[in-house]
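Here's the structure, in structure tokens; my notes come after.
By convention here, the first residue in the shown sequence is residue 1.
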Amino acid sequence: MAVTESRRLPRAMTSGGASVAVRLPVGAGTLAHRPTYRRIAPDNKYDQRTVVSAACAPQGAECRELSAGWADHLGALACTAPACFPDVDTENGVTR
């Protein structure tokens, strides 16, 4: 997971109720990722349980899903990897 810079989450996400994936504990400087969902037992069509992970590392460590507004309030920053939030403006939290 190569992240070059971290920036504020887009305002449209923080006020719109969107979800982000974060690794615990959440605090200032924690990276917020686009959430992806992978099934725990993909071969069992009756087992629909999923694990939340970061879009930039779908097979990586398990994350927790929080609202973008809450994650922003706690100080989480947007991951700028191409799979997450590559188009977030520097300090303003708006997309380009």
Side-chain angles (χ1 to χ4, degrees):
M1 182 172 16
V3 178
T4 56
E5 293 182 50
S6 299
R7 301 174 180 158
R8 298 272 321 260
L9 288 164
R11 283 190 201 133
M13 288 186 68
T14 59
S15 61
S19 296
V20 293
V22 294
R23 291 187 179 92
L24 298 179
V26 181
T30 301
L31 289 181
H33 306 273
R34 252 185 229 287
T36 57
Y37 308 90
R38 60 187 158 97
R39 290 184 49 198
I40 293 172
D43 297 333
N44 184 345
K45 68 178 182 178
Y46 300 107
D47 188 354
Q48 298 295 314
R49 294 175 296 155
T50 58
V51 173
V52 178
S53 57
C56 58
Q59 299 302 322
E62 185 176 337
C63 295
R64 295 291 180 249
E65 188 172 18
L66 298 177
S67 71
W70 184 244
D72 184 61
H73 173 73
L74 294 174
L77 300 171
C79 171
T80 57
C84 288
F85 306 107
D87 56 349
V88 176
D89 191 10
T90 306
E91 296 174 5
N92 302 320
V94 294
T95 54
R96 290 184 215 144

Subject >> Over all atoms of both residues, closest heavy-atom pair of Ala78 and Phe85 >> reply: CB-CD1, 3.8 Å
Would you be so kind as to tabulate the donor-acceptor pairs closer than 3.5 Å made by side chains of residues 50-60, with sequence neighbours excluded?
| residue | atom | partner | partner atom | Å |
| --- | --- | --- | --- | --- |
| Ser53 | OG | Thr36 | OG1 | 3.0 |
| Ser53 | OG | Pro58 | O | 3.1 |

**OP:** Could you tell me which residues satisfy side-chain contact (heavy atoms from CB on, under 4.5 Å) with Ala28, sequence neighbours excluded, listed by chain and number?
**Re:** none
Subject >> Non-neighbouring partners of Glu62 that pass salt bridge (charged side-chain N to carboxylate O under 4.0 Å, His left out), sequence neighbours left out >> reply: Arg64
**OP:** Please identify each residue that fulfils side-chain contact (heavy atoms from CB on, under 4.5 Å) with Asp43, with sequence neighbours left out.
**Re:** none
**OP:** Please report the closest heavy-atom contact between Ala41 and Asp47, naming both atoms and the distance.
**Re:** CB-OD2, 3.5 Å
Original post:
Among pairs that include at least one residue of residues 67-79, which meet salt bridge (charged side-chain N to carboxylate O under 4.0 Å, His left out), considering only residues two or more places apart or in two chains?
Top reply: Arg8-Asp72
Original post:
Which ring pair (Phe, Tyr, Trp, His ring centres under 6.0 Å) pairs, counting each pair once, include a residue from residues 57-80, with sequence neighbours left out?
Top reply: Trp70-His73
Subject >> Least distance between heavy atoms, Gln48 atom then Lys45 atom >> reply: NE2-O, 2.6 Å
Subject >> Least distance between heavy atoms, Val20 atom then Ala71 atom >> reply: CG2-CB, 3.7 Å
Subject >> Heavy-atom pair of closest approach, residues Val22 and Thr30 >> reply: CB-CG2, 4.3 Å
**OP:** To the nearest 0.5 angstrom, please state how far the NE2 atom of His33 sits from the CG atom of Leu77.
**Re:** 10.5 Å
Subject >> Any pair counted as ring pair (Phe, Tyr, Trp, His ring centres under 6.0 Å), so long as it reaches residues 44-63, sequence neighbours left out >> reply: none
**OP:** Could you note down all residue pairs passing salt bridge (charged side-chain N to carboxylate O under 4.0 Å, His left out) where residues 25-40 supplies at least one of them, sequence neighbours left out?
**Re:** none
Subject >> All pairs passing salt bridge (charged side-chain N to carboxylate O under 4.0 Å, His left out) where residues 75-85 contributes a residue, at least two apart >> reply: none
Subject >> Closest approach of Ala32 to Leu9 (non-hydrogen atoms, all atoms of both residues) >> reply: CB-CD2, 3.9 Å
